[in-house]
Structures are given as C-alpha cells and as structure tokens.
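First up is the structure itself, then whatever we jot down about it.
One-based numbering, in listed order, for ligands and for the atoms of each. Predicted model, so just to flag it, every value in this text is computed and none were measured.
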Amino acid sequence: MHNKEELIGGRIGKIYRVKETVVRPSNKWTKDIHCFLQFLHEEGADFVPKPYGINENKEEILSFMPGDVFNYPLPEKLLSDAMIVSASKLLFKFHTYSERYVSRLTNCEQWMLPASYPIEVMCHGDFAPYNVTIVNNEASGIIDFDTLHPGPKMWDITYAIYRWVPFKSPNNPDSYGNLKEQIRKAKLFLDTYGVDREGKSSFVSVLMKRLKSLTDFMVYEAGNGNKDFQLNIEAGHLRQYLDDIKYLERNEEEITCGIK
Ligand SMILES: Nc1ncnc2c1ncn2[C@@H]1O[C@H](COP(=O)(O)OP(=O)(O)O)[C@@H](O)[C@H]1O
Ligand SMILES: [Mg+2]
C-alpha cells in the first residue's frame, strides 16, 4: 500500500502508520474499545487516539499520536524522577476521564481481560513506557488500549509502578535501582497520584495479585494456542513474572513501610 510505514515496538509486521492514522489488528473487543475512546474524546480527552473504525481487512484505524515511544532497555531519561511524576500525572488524568465511563457499562461488553473488583475506573491494563508517547520529556499520550477493562484504580497504579520504576527483581534485566531506590520511586509515583494510606498499604498485595492474574492469563492463552503468548513464555517472560512476584513477597514489609 502507498505511504504504509511499519511501526516498531509492538508486534512485528502488524502495526502500520498510514499518513496521520495507525492501522492495527482488530479483535472481538475492538468495537467496545472504540466506544470508550469516542466517549473520552467527547469528554475532551485529547491524549488518547481517536477511533476511526475497522477496515475490510479487520484492522482497526486510529489517529496517530505524536511523540516518541520507548521500550526496554529504557534510556536514562525514561528512568528519571521527573518521568515518574509525569507518568503518574498522566495516569491520574486518564482515570479522571475513564471513571466517567463506568456508569455506562452494560455488562455486555467484551474485553480481553476480565473485570477486576471493586470497579472504580476503566483500567488501561498495560500503562507502561511502551504504550505511552513522550513529548518534550513528558508522558503525553496513551496508546494500545487492547487490555482495557473495568477495575480498581490500584490495579492500574501498581502495574504502572512495576513498569515505570521498573519495580522488578534484580534478576530481571528490565529492573532498575536497588530495593531502596525502587521504594523511593514507587512512593513518588503514589504521592504524585494522591494515593491514600489504605491504598498504599495494599500496594504489594495488589501488585502480586495483578502479576498473578497476568501469568494465569498467559498460561491459559498459550494452552489455547495463542502464538504471541507461547512465544512470550518461550522467551522466559513467565519465569520473570513469577520471580518478580517472589521478590515482592520477600520484601513486602520493607516496601509497605517505605512507601507510607
Ligand atoms: N495511536 C498511535 N499513535 C502513535 N504511535 C502508535 C499508535 N499506536 C501504535 N503506535 C506505535 O506502534 C508501536 C506498536 O504499537 P502497539 O499498538 O503498542 O503494539 P502492540 O499491540 O503489539 O503492543 C508503538 O510502540 C508505537 O510506536
Ligand atoms: Mg503496545
């Protein structure tokens, strides 16, 4: 196709830029995600892509968000305190819009991931550096809404901290800083967002539950023939998540105390 440029950083050979739009594979949840993105735009949220429907090749069309997107290993500027503050503010802003959608849910929607309870907001589900555009050293736009689902705010916040600090076991190549430094950055993210004492005290248990639900999902999908997840497991990602859960469990007391 004319003017079709492959975008890198996600699934290989499947995501393209065509002029000011992005073309990605659609799924059974895509229609419900487009309704959500349309609602957000009507509410004035210009930091998410505009949905333009599904084409004859069963691909979704979205507006192209300006900026740079980074993946692991993250460059130094993505690991700074300023970036933690910026990412936390963007997630807070997203939730202030996404919570307005909750009263519109019919329970007939299809999502990739199951709802998590109590439902407070629409969770992005994968609020990570590789799904956020950076403009002038600030977290600016949010992309890749495939994992959107209803859930508690902490469900998204804990996972974001796992990805942005990144708060991972030292055995994980994406991990950054020692435990003390990880705790300090997690606290910075939580305080910037405005998480209260109760939310903070649940941080480790919610993150462990979030990662466990991810590993269960990976195993289930791979067992049902999902090639992306089979490759993920072969690449050692499942083992890394399980190792990160153990790391959190081992250090639960020190982390909970340190982020107060
Ligand atoms: N709406 C968008 N605006 C700008 N860039 C995008 C958009 N959607 C995807 N991209 C680019 O394409 C890359 C892969 O897209 P993504 O949708 O995250 O793939 P995957 O679903 O495989 O994770 C991203 O890293 C980003 O650079
Ligand atoms: Mg992505």
Have a look at ligand 1 and work out which part of [X], if any, has a heavy atom under 4.0 Å from it: side chain, backbone, both or neither.
{"X": "Pro66", "value": "neither"}
{"X": "Arg24", "value": "side chain"}
{"X": "Ile15", "value": "side chain"}

What donor-acceptor contacts under 3.5 angstrom involve side-chain atoms of residues 65-76, with partners at least two apart or in another chain?
residue	atom	partner	partner atom	Å
Asn71	ND2	Gly9	O	3.4
Tyr72	OH	Arg163	O	2.7
Glu76	OE2	Tyr176	OH	3.0

Item to complete: Look at the rings of Tyr162 and Tyr159 and say which category their plane angle falls in: under 30° parallel, 30 to 60° tilted, over 60° perpendicular.
Response: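 Tilted: the ring planes of Tyr162 and Tyr159 meet at 30° to 60°.
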Side-chain donor-acceptor contacts of residues 250-260 below 3.5 Å, not counting sequence neighbours, with atom names and distances?
residue	atom	partner	partner atom	Å
Asn251	ND2	Tyr247	O	2.9
Thr256	OG1	Glu252	O	2.7

Is [X] in polar range of ligand 1, meaning some N or O pair under 3.5 Å apart?
{"X": "Asp146", "value": "no"}
{"X": "Asn131", "value": "yes"}
{"X": "Leu7", "value": "no"}

Under 4.0 Å between a Lys/Arg side-chain N and an Asp/Glu carboxylate O for [X] and [Y]?
{"X": "Lys246", "Y": "Glu249", "answer": "no"}
{"X": "Arg100", "Y": "Glu43", "answer": "yes"}
{"X": "Asp243", "Y": "Arg239", "answer": "no"}

Discussion item. Below 4.0 Å from ligand 1: does a non-hydrogen atom of Ser63 turn up there or not?
Written reply: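 It does; at least one heavy atom falls under 4.0 Å.
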Discussion item. Within the structure, is a non-hydrogen atom of Ile8 found at a distance of less than 4.0 Å from ligand 1?
Written reply: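 Yes, Ile8 has heavy atoms under 4.0 Å from ligand 1.
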Practice prompt. Can you spot which of Asn172, Asp174, Leu207, Thr215 makes a side chain to side chain contact (heavy atoms under 4.5 Å, CB included) with Asp244?
Written response: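 The single option meeting the side chain to side chain contact (heavy atoms under 4.5 Å, CB included) with Asp244 is Asn172.
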Worksheet item: With sequence neighbours left out, which residue pairs that include part of residues 95-123 fulfil the ring-ring contact (aromatic ring centres under 6.0 Å, His included) condition?
Response: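 Listed by first then second residue: Phe36-Tyr101, Phe39-Tyr101, Phe47-Tyr97, His95-Tyr193.
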Atoms of ligand 1, numbered as shown, that sit under 4.0 Å from any heavy atom of [X]:
{"X": "Gly10", "answer": "14 (C), 19 (O), 20 (P), 22 (O), 23 (O)"}
{"X": "Val69", "answer": "25 (O), 26 (C), 27 (O)"}
{"X": "Arg11", "answer": "20 (P), 21 (O), 22 (O)"}

Discussion item. I need the protein N, O or S atoms closer than 2.8 Å to the Mg ion (ligand 2), given as residue plus atom name.
Written reply: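 You should have found Asn131 OD1, Asp144 OD2.
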Item to complete: State plainly whether one hydrophobic cluster holds both Val204 and Ile183, where clusters connect Ile, Leu, Val, Met, Phe, Trp and Tyr through side-chain heavy atoms under 4.5 angstrom apart.
Response: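 In one cluster with Val204: Ile183, yes.
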Discussion item. Taking Ile157 as the starting point, is it possible to reach Leu248 by hopping between hydrophobic residues whose side chains are less than 4.5 Å apart?
Written reply: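 Same cluster: Leu248 reaches Ile157 through Ile, Leu, Val, Met, Phe, Trp or Tyr contacts under 4.5 Å.
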Worksheet item: More than 12 foreign heavy atoms under 6.0 Å from CD of Glu42: is that the case here?
Response: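 Counting other residues, nucleotides and ligands, CD of Glu42 exceeds 12 neighbours.
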